[in-house]
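Structure record follows, encoded as structure tokens.
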Amino acid sequence: MKREACGSLRGKDAGRKVTLAGWVHRLRDLGSLTFVDLRDESGLVQLVFRELPQARKLSREDVIRVRGTVARREAPNPDLPTGEVEVVVDRLEVLSQTRPLPFSLEEEPPRASEETRLRYRYLDLRRPRMQRNLRLRHRTSMAIRDYLDRQGFIEVETPYLTRSTPEGARDFLVPSRLEPGKFYALPQSPQLFKQTLVISGVERYFQIVRCFRDEDLRADRQPEFTQLDLEMAFLEAPEELFALIEGLLAYVFRETIGVEFDTPFPRLSYDQALSRYGSDKPDLRFGLELVDVTKQFSASEMRLLREAVAAGGRVFALRVPGGAGFSRKELGELEGVAKTYGAKGLLWLARGEELRGPLAKFLPDPEPLWRATGAEPGDLLLLVADAFELAATALGQVRLELGRKLSLIPEGKWCPLWVVDFPLLEWSEEENRWSARHHPFTSPKAEDLPKLMDPSFPTERLGELRANAYDLVLNGVELGGGSIRIHRREVQQRMLEVLGIGPEEAEGRFGFFLRALEYGAPPHGGIALGLDRWVMMLAGEESLREVIAFPKTASGACPLTGAPAEVDPGQLAELGLEVKGD
RNA sequence: GGGGACGUGGUCUAGGCUGGACUAGGACACCGGAUUGUCACUCCGGAGAUCGCGGGUUCAAAUCCCGUCGUCCCCGCCA
């Protein structure tokens with residue numbers, strides 16, 4: 001007889017003979033009467049064993065198959081979809097016995113340590129929440145493919161064994177056996193392949209693809225992660241792409257968790273995002289905006305501020321309504337946040353009965369400051385003075401901390417936006433050169449292109465150039481980013497030159513791509529979205545590991561398989577490798 | 001590379017500051033027994049840890065100190 005789904009049985013099935021198979025979810029042994037909740041993918045149903053003593057020997061998570069008759073219950077269980085019925089078993093087969101479980105699958109959140117959960121991931125994944133997350137991820141991928149297919153995109157796979165691309169993160173390397181001493185690199189993203197595909201006439205490409213970066217891990221960062229990678233031909237300005245991605249986001253949120261989005265999404269320039277929210281991925285779910293009060297302090301009697309302004313820095317203020325009563329301890333904690341992000345301190349000014357705070361005696365006339373910030377009696381001002389990005393970022397983190405601390409962040413609110421007009425380049429102190437803020441294939445904005453191409457444009461002013469790049473941000477989380485690409489060989493060449501990559505090096509590392517640009521490359525651009533983070537947000541999880549079936553620990557290890565591991569000396573020899581002791 | 005938190009039977013945890021009746025307590029799981037309507041079944045009984053590892057201080061260390069390993073979080077890093 002065919003196996004039926006445990007969770008599908010209802011009152012109307014009463015009297016039917018059924019065969020079920022699944023895991024013993026729970027066992028209630030009353031002597032000559034034993035109840036078992038049987039679980040499969042579809043749900044739970046109660047089994048009744050009368051005069052079947054083998055049932056008393058069962059344990060949780062044993063795998064069994066039973067044959068029996070569906071019967072209406074005398075006392076239905078309203079907490080169970082199948083609660084109106086039970087299955088009176090006449091035949092029991094034990095398909096697989098379990099050892100005692102290493103941890104309980106009952107608790108939510110689980111009480112077992114994450115390491116234990118990962119070591120026995122096959123058990124952990126049986127938990128309803130993890131099953132839900134796996135299925136949510138599946139539905140997300142399905143919705144993405146469905147939407148993009150209907151928009152005329154095709155999914156093309158690109159190599160995992162490839163070569164190192166310039167700049168960016170540390171590569172994972174794979175030694176070549178056929179050419180000892182040479183290495184493949186696992187892709188940090190399929191960047192050059194997708195651009196090459198567009199040049200190949202694939203006008204609308206996408207791929208749900210694994211990417212690899214050998215950097216330190218975080219709660220929202222894994223060494224291998226999945227991107228929705230996408231590229232379009234004849235994209236010269238981002239508008240068309242914005243509309244497409246907004247539609248995609250709206251579709252996926254509707255299909256997976258039933259949330260509706262307003263489109264188009266708001267846009268902020270990088271400068272606005274930083275000046276108003278102290279972040280290039282601002283959380284727009286709450287206000288508490290920063291105010292630039294540099295002008296108010298350009299002639300301050302407080303040397304610290306005056307000098308910061310004189311050195312080209314900025315002073316940002318954050319008004320905390322009703323915050324004048326904050327304790328020294330609370331202020332100290334907030335200062336700790338600012339200092340973590342590089343601020344030298346956090347100045348404060350409480351507008352209470354009297355002015356309090358380190359700034360008070362340097363403010364003969366506070367009125368202009370009240371006007372600039374909107375501070376009212378009872379409010380608190382927090383200030384950071386430093387270089388633009390540092391000051392804004394440090395205070396932006398204080399803003400986020402206050403958002404959490406004061407419970408300003410509403411549940412269930414979704415605030416997407418585009419951040420645009422990023423700097424094209426940023427100065428790398430340690431390497432003493434310009435590096436690409438996005439990546440070396442990003443086009444400058446049309447109006448800045450002449451400056452990039454003009455050899456007489458002063459090098460030190462290259463930081464002024466804006467990129468035709470954009471990030472998609474949702475609730476303070478960077479979901480992804482992309483750009484309009486460079487599609488002209490000479491522009492690409494110049495870009496690489498600015499980055500300190502000379503013609504020979506460029507030729508050696510990706511001459512293939514520069515050549516491709518010479519054979520009819522259409523204007524193009526695209527975006528990559530972090531699928532893991534996306535699903536994490538849909539699932540309401542705090543950690544990426546909750547939406548990845550087999551994730552790595554913070555040290556990059558896999559407790560399930562024991563990876564990474566030493567290998568057989570023979571394998572090393574074949575590869576021409578030798579491990580140096582220390 | 002740096003900072004912080006944690007590590008006690010299978011699992012989670014109490015104890016640690018103030019070292020000595022800790023012979024390491026509890027809950028869940030496990031084993032044995034009882035049990036005909038349970039649904040976190042219940043009741044009775046039992047076994048199971050020398051406190052991550054190494055060293056030090058001390059008459060005495062789960063407890064204090066140092067080192068180390070592991071896990072988690074953060075800064076740096078992550079185009």
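Numbers restart at 1 for each chain; the letters A, B, ... are given by sequence-line order, proteins then strands. This structure is a prediction, so every number in the text was calculated from the model and none was measured.
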- Go through B:U11, B:U71, B:C39 for me and flag the one nearest to the A:Asn77 side chain. B:C39

- Message: Counting the atoms with a prime plus P, OP1 and OP2 as sugar-phosphate, which does A:Thr116 contact under 4.0 Å by heavy atoms, base, sugar-phosphate, or nothing?
- Response: sugar-phosphate

- In B/S/- notation, 5' to 3', how is nucleotides 33-38 of chain B contacted by protein heavy atoms closer than 4.0 Å? --BBBB

- Message: Applying a 4.0 Å non-hydrogen cut-off, can you work out what A:Arg437 is touching in the nucleic acid: base, sugar-phosphate, or nothing?
- Response: sugar-phosphate

- Query: Excluding sequence neighbours, so at least two apart, what forms salt bridge (Lys or Arg N to Asp or Glu O under 4.0 Å) with A:Glu546?
  - Reply: A:Arg117

- Across every strand shown, the nucleotide meeting Watson-Crick or G-U wobble geometry with B:A34 (both distances under 3.5 Å) is B:U42

- Item | Residues which pass ring pair (Phe, Tyr, Trp, His ring centres under 6.0 Å) with A:Phe49, listed by chain and number, not counting sequence neighbours | none

- Message: Partner lookup for B:U23, please. Criteria are Watson-Crick or G-U wobble with both distances under 3.5 angstrom; report none if nothing qualifies.
- Response: none

- Query: Can you name the salt bridge (Lys or Arg N to Asp or Glu O under 4.0 Å) partners of A:Arg127, sequence neighbours left out?
  - Reply: A:Glu108, A:Asp124

- Note on the structure: Partner of B:A61 under the Watson-Crick or G-U wobble criteria, both distances under 3.5 Å, comes out as none

- Task: Side chain of A:Asp37 only, please: which of B:C39, B:C74, B:C77 is the nearest?
- Result: B:C39

- Message: Checking base pairs now: Watson-Crick or wobble, both atom distances under 3.5 Å. What partners B:G67?
- Response: B:C53

- A:Arg28-A:Gln46 side chain donor-acceptor pair, cut-off 3.5 Å: yes

- Item | Sugar-phosphate only, base, or nothing, as touched by A:Pro559 at under 4.0 Å among non-hydrogen atoms | nothing

- Just checking A:Glu114: base, sugar-phosphate only, or nothing, at a heavy-atom cut-off of under 4.0 Å? sugar-phosphate

- Set of salt bridge (Lys or Arg N to Asp or Glu O under 4.0 Å) partners for A:Arg16, sequence neighbours left out: A:Glu4, A:Asp13

- Task: Using both distances under 3.5 Å as the test, list the Watson-Crick or G-U wobble partner of B:A29, or none.
- Result: none

- N or O in side chain of A:Arg26 less than 4.0 angstrom from B:C41 OP1/OP2: yes

- Message: Return the pairing partner of B:C72 with a 3.5 Å limit on both distances, Watson-Crick or G-U wobble; otherwise return none.
- Response: B:G4

Could you list the protein-to-nucleotides 3-10 of chain B atom pairs, N/O on both sides, closer than 3.5 Å?
residue: B:G10; atom: O2'; partner: A:Pro102; partner atom: O; Å: 2.8

- Message: Both A:Tyr341 and A:Ser555 contact RNA chain B. Taking the nearest nucleotide for each, which residue is further toward the 5' end?
- Response: A:Ser555

- So does A:Thr553 get a side-chain nitrogen or oxygen closer than 4.0 Å to the phosphate oxygens (OP1/OP2) of B:U71? yes

